[in-house]
2 protein chains.
Amino acid sequence: MTALPIDIHSTTKDRLSRVGQRYTESRREIIDALGSSPHPITVNDLMESVKGLAQSSTYRNLAVLEEAGVVRRVVSADDMARYELAEDLTGHHHHHLICQRCSAVLDIDVPQALERYVHEFSDEIAKQVNFRIDHHRLDLVGICAQCSAQDR
Amino acid sequence: MTALPIDIHSTTKDRLSRVGQRYTESRREIIDALGSSPHPITVNDLMESVKGLAQSSTYRNLAVLEEAGVVRRVVSADDMARYELAEDLTGHHHHHLICQRCSAVLDIDVPQALERYVHEFSDEIAKQVNFRIDHHRLDLVGICAQCSAQDR
DNA sequence: TTTACTGCAAAGGGTTTGCAACATG
DNA sequence: CATGTTGCAAACCCTTTGCAGTAAA
């Protein structure tokens with residue numbers, strides 16, 4: 001599971017062209033912004049990083065990038081979209097720690113052993129029910145440090 | 001972890017009165033509808049079961065019931081709210097199988113061993129980072145039978 | 001008889017879309 | 001130069017809220 005140093009930008013370009021899309025300056029900036037964030041970010045966060053990009057273009061680009069498989073939408077506690085780079089681009093499989101008060105999302109690494117169990121279980125279930133399982137989400141949900149500090 | 005035969009309605013009534021709320025006919029019907037569904041359901045589904053209940057009342061009641069801890073909001077693949085009875089009411093701890101095409105949600109049971117590993121891991125993480133972890137979500141995400149049939 | 005609950009209709013707020021101008025392969 | 005991309009503004013849709021009337025403890 002070691003991360004080969006694949007070039008994120010060239011991979012993105014390939015995957016975009018495979019769906020008949022172009023790798024524009026805005027899209028490159030979005031990828032850079034997502035790549036330099038240590039955790040999934042909202043559309044608003046993204047628009048602050050990528051100055052001058054219209055809201056509609058941000059949404060459209062994220063949809064295209066997700067379609068192309070280079071970006072992944074992450075579900076938190078509120079209904080605001082959050083995005084991160086696809087794991088096969090970063091080579092970093094991880095899960096999330098989610099604050100149910102402020103909806104912040106933190107990345108966490110999961111022990112190999114646990115991952116194996118989840119995969120085994122996943123395969124079993126796939127056999128039992130007629131369902132093609134693509135991936136899993138393991139989220140730990142609670143209250144982050146800042147939010148519990150505010151409670152006092 | 002065997003489910004004691006607690007009375008869902010009386011427990012709901014207690015928990016509601018604890019937050020200064022009443023257990024009305026509408027709320028009872030909502031609880032019944034959620035209790036008789038084998039999987040989390042959307043607000044629209046709910047309104048079809050509980051005929052005559054205004055949309056606003058449905059949303060308000062669900063919010064109150066969630067606040068009182070008898071109902072839980074479940075996150076799927078789209079941004080539509082889905083609800084189920086709280087696990088401590090049903091005595092049935094479970095996780096979800098999610099279709100990323102149609103957003104359907106199915107309940108699945110998880111082996112005790114896997115649950116234990118998740119708990120261990122959860123405790124470890126809680127120690128590492130300053131975060132109070134309340135619960136976890138383990139979702140298997142993929143494409144359900146109906147949706148993959150449509151692809152052909 | 002006080003306080004919560006309800007329905008109706010209107011407002012919110014994140015996201016999507018139509019369209020004309022612009023940029024990329 | 002054909003087709004994708006952009007910004008603007010309007011539309012969308014799920015959800016929330018204000019209000020006046022109703023019902024529960």
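Chain identifiers are assigned alphabetically (A, B, ...) following the order of the sequence lines, protein sequences preceding nucleic acid strands; residue numbering begins at 1 within each chain.
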**Fill in**
For A:G69 and A:D88, the nearest pair of non-hydrogen atoms, with its separation, is O-OD1, 4.3 Å
**Message:** Over all strands shown, is A:S17 touching base, sugar-phosphate only, or nothing at heavy-atom distances under 4.0 angstrom?
**Reply:** nothing
**Nucleotide C:dC5, atom P - distance to CD of B:E25 in whole Å** = 14 Å
**Asked** Axis-to-axis angle across the helix from C:dT1-D:dA25 to C:dG25-D:dC1, five pairs an end, to 10 degrees?
**Response** 40°
**Asked** Tell me: NZ of B:K13 to C1' of C:dA4, nearest whole Å?
**Response** 14 Å
Using atom types as modelled, flag every donor-acceptor pair under 3.5 Å from a side chain in residues 28-42 of chain B to any protein atom, sequence neighbours excluded.
unit_1, atom_1, unit_2, atom_2, d
B:D32, OD1, B:H9, NE2, 3.0
B:S36, OG, B:D32, O, 3.1
B:S36, OG, B:A33, O, 3.2
B:S37, OG, B:H39, N, 3.2
B:S37, OG, B:H39, O, 2.6
B:T42, OG1, B:D45, N, 3.1
B:T42, OG1, B:D45, OD1, 3.4
B:T42, OG1, B:D45, OD2, 3.1

**Request:** May I ask you to check whether over 12 heavy atoms, not counting those of A:N130, lie within 6.0 Å of atom CG?
**Result:** no
**Request:** Answer yes or no: does atom NE2 of B:H135 have more than 12 heavy-atom neighbours from other residues, nucleotides or ligands under 6.0 Å?
**Result:** yes
**Fill in**
The residue, A:S26 or B:R22, whose nearest nucleotide of DNA chain D is more 5′ is A:S26
**Prompt:** Angle class for the A:H94/A:H92 ring planes (parallel below 30°, perpendicular above 60°, tilted otherwise)?
**Reply:** parallel
**Prompt:** Looking only at atom types and distance, does a side-chain atom of A:S76 sit under 3.5 Å from a main-chain N or O of A:S103, one as donor and one as acceptor?
**Reply:** yes
**Fill in**
Assign each of B:V64 and A:Y23 the nucleotide of DNA chain C bearing its closest heavy atom; nearer the 5' end lies the nucleotide of B:V64
**Request:** Please name the pair of heavy atoms, one in A:F131 and one in B:C144, separated by the smallest distance, quoted to 0.1 Å.
**Result:** CE1-CB, 3.5 Å
**Request:** Would you check if A:H96 and A:D107 make a side-chain contact, meaning some heavy-atom pair closer than 4.5 Å?
**Result:** yes
**Message:** Could you check whether B:D7 pairs with B:K13 (Lys NZ or Arg NE/NH1/NH2 to Asp/Glu carboxylate O, under 4.0 Å)?
**Reply:** no
**Asked** Taking it one step at a time, do A:Q112 and A:H93 satisfy side-chain hydrogen bond (donor to acceptor under 3.5 Å, both in side chains)?
**Response** CA-CA 10 Å; A:Q112 293 267 329; A:H93 179 60; over 6 Å; no
**Asked** By the rule that ILVMFWY residues connect when side-chain heavy atoms come within less than 4.5 angstrom, directly or transitively, which residues belong alongside B:V75?
**Response** A:V75
Would you tabulate the pairs of protein nitrogen or oxygen atoms and nucleotide nitrogen or oxygen atoms of nucleotides 13-15 of chain C closer than 3.5 angstrom?
unit_1, atom_1, unit_2, atom_2, d
C:dT15, OP1, A:A81, N, 2.9
C:dT15, OP2, A:Y59, OH, 2.3
C:dT15, O5', A:Y59, OH, 3.1

**Message:** Below 4.0 Å from chain B heavy atoms, what is the first contacting nucleotide of DNA chain D and what is the last?
**Reply:** D:dC14 to D:dA24
**Message:** Just checking B:E67: does its CD atom have more than 12 heavy atoms from other residues, nucleotides or ligands closer to it than 6.0 angstrom?
**Reply:** no
**Non-hydrogen atoms of A:Y23 and A:L16 that approach each other most closely** = CD1-CD1, 3.4 Å
**Prompt:** How about B:Y117: does its OH atom have over 12 heavy atoms from other parts shown lying under 6.0 Å from it?
**Reply:** no
**Asked** Within the structure, does a side-chain N or O atom of B:T24 lie under 4.0 Å from either OP1 or OP2 of C:dT6?
**Response** yes
**Message:** With hydrogens left out and only the distance checked, is there a donor-acceptor pair under 3.5 Å joining B:S56's side chain and the base of C:dC8?
**Reply:** yes
**Prompt:** Starting at CZ of B:R18 and ending at C1' of C:dA4, how long is that distance when rounded to a whole Å?
**Reply:** 19 Å
**Message:** Assuming nearest nucleotide by heavy-atom distance, tell me which of A:N61 and B:A63 is located more 5' along DNA chain D.
**Reply:** A:N61
**Prompt:** What are the residues of residues 27-41 of chain B, sorted by number, that bring a heavy atom to within less than 4.0 Å of DNA chain D?
**Reply:** none
